[in-house]
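Please read these numbers as outputs of a predicted model, since none were measured by experiment. Computed from heavy atoms alone, side chains included, the values below leave out hydrogens, waters and symmetry copies.
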Amino acid sequence: MHVDGYMEGKINTEKTLIISRSGRVKGEIIADKVIINGLFEGECYANHVEILPHGKAQGTIHSDELSIERGGHFIGESQPTTEDQVVKLQQHGAKAELTNDKTSKKDSSAS
């Protein structure tokens, strides 16, 4: 999913969410991977988060892999993901879901 304009609300995707340089997102994001090169404000739950040189993030990021490139800005707090917060990637192309199952594991082999 690619955001080039303004979006407010909740985004839930099992794939990569890209906020382009002209993109603005305010709200909650649940995704496998989030790439921020525009502006993000809110709460983000993702397996991987990248803030690029023109990216600005404000809020809380729940991720075990957070990278901020030179020029990128992050104001807020980062938290490690817990098993009840991660996006669980289903087999056979099913939709992603935010799971509350304490016994579920992150599937690091999925792309």
Side-chain angles (χ1 to χ4, degrees):
M1 176 181 264
H2 204 264
V3 178
D4 291 317
Y6 180 79
M7 187 168 198
E8 187 171 337
K10 183 176 182 177
I11 300 172
N12 189 344
T13 181
E14 67 180 21
K15 297 186 180 189
T16 299
L17 172 69
I18 300 170
I19 302 172
S20 73
R21 193 168 175 179
S22 62
R24 307 285 182 261
V25 174
K26 183 175 185 177
E28 182 180 59
I29 296 173
I30 300 169
D32 178 45
K33 184 174 185 178
V34 177
I35 299 172
I36 302 168
N37 203 26
L39 178 64
F40 168 71
E41 183 179 339
E43 195 151 6
C44 176
Y45 299 87
N47 293 316
H48 312 280
V49 177
E50 293 179 31
I51 301 174
L52 300 182
H54 297 282
K56 292 177 177 49
Q58 183 173 350
T60 304
I61 296 177
H62 301 267
S63 181
D64 288 331
E65 292 189 32
L66 171 62
S67 66
I68 304 171
E69 291 188 15
R70 174 177 250 153
H73 299 279
F74 175 48
I75 299 171
E77 68 176 310
S78 64
Q79 299 285 330
T81 56
T82 59
E83 290 182 17
D84 62 340
Q85 295 174 324
V86 296
V87 173
K88 181 180 175 184
L89 298 179
Q90 302 273 320
Q91 296 295 333
H92 311 296
K95 290 185 178 180
E97 64 182 43
L98 183 63
T99 180
N100 286 322
D101 181 4
K102 299 278 188 212
T103 61
S104 68
K105 302 288 184 206
K106 274 198 277 185
D107 183 0
S108 61
S109 63
S111 300

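Linking Ile, Leu, Val, Met, Phe, Trp and Tyr whenever their side-chain heavy atoms come within less than 4.5 Å puts Phe40 and Met7 in one cluster. The hydrophobic clustering, which links ILVMFWY residues whose side-chain heavy atoms are closer than 4.5 Å, places Tyr45 and Val34 apart. Ile29 is connected to Val3 through a chain of hydrophobic side-chain contacts under 4.5 Å among Ile, Leu, Val, Met, Phe, Trp and Tyr, so both are in one cluster. A single hydrophobic cluster is not seen to contain both Ile68 and Ile35; linkage of ILVMFWY side chains at heavy-atom distances under 4.5 Å, directly or through other members, places them apart. Both Phe74 and Val25 are part of a single hydrophobic cluster, where members link through side-chain heavy atoms under 4.5 Å apart.
Listed by chain and number, the residues in a side chain to side chain donor-acceptor pair (under 3.5 Å) with His54 are Arg21 (sequence neighbours excluded). The side chain to side chain donor-acceptor pair (under 3.5 Å) check on Ser22 picks up Ser20, with sequence neighbours excluded.
Between the CD atom of Gln58 and the NE2 atom of His73 there is a distance of 12.0 Å, given to the nearest 0.5 Å. In this structure, CE on Met1 lies 11.0 Å from NZ on Lys15, to the nearest 0.5 angstrom. How far CD of Glu14 is from CG of Asn12: 9.5 Å, rounded to the nearest 0.5 Å. A distance of 4.5 Å separates CD in Glu28 from CD1 in Ile30, rounded to the nearest 0.5 Å. With rounding to the nearest 0.5 angstrom, the CD1 atom of Ile19 is 10.0 Å from the NE2 atom of His2. Between Ile18 atom CD1 and Asn37 atom CG the span is 10.0 Å, to the nearest 0.5 Å.
The shortest heavy-atom contact between Pro53 and Glu69 is CD-OE1, 3.2 Å. Between Ala46 and Ser63 the shortest heavy-atom distance is O-OG, 3.0 Å. Nearest heavy-atom pair, Ala57 versus Ile36, reported as atom, atom and distance to 0.1 Å: CB-CD1, 4.1 Å. Closest of all the heavy-atom pairs between Lys56 and Ile51 is N-CG2, 4.4 Å. Between Leu17 and Ala31 the shortest heavy-atom distance is CB-CB, 4.5 Å.
Each of Thr60, Val49, Leu66, Asp64 was scored for a side chain to side chain contact (heavy atoms under 4.5 Å, CB included) with Ser78, with one residue passing: Leu66.
When side chains are defined from C-beta on, Arg24 does not count as touching Glu41, because their heavy atoms never get closer than 4.5 Å.
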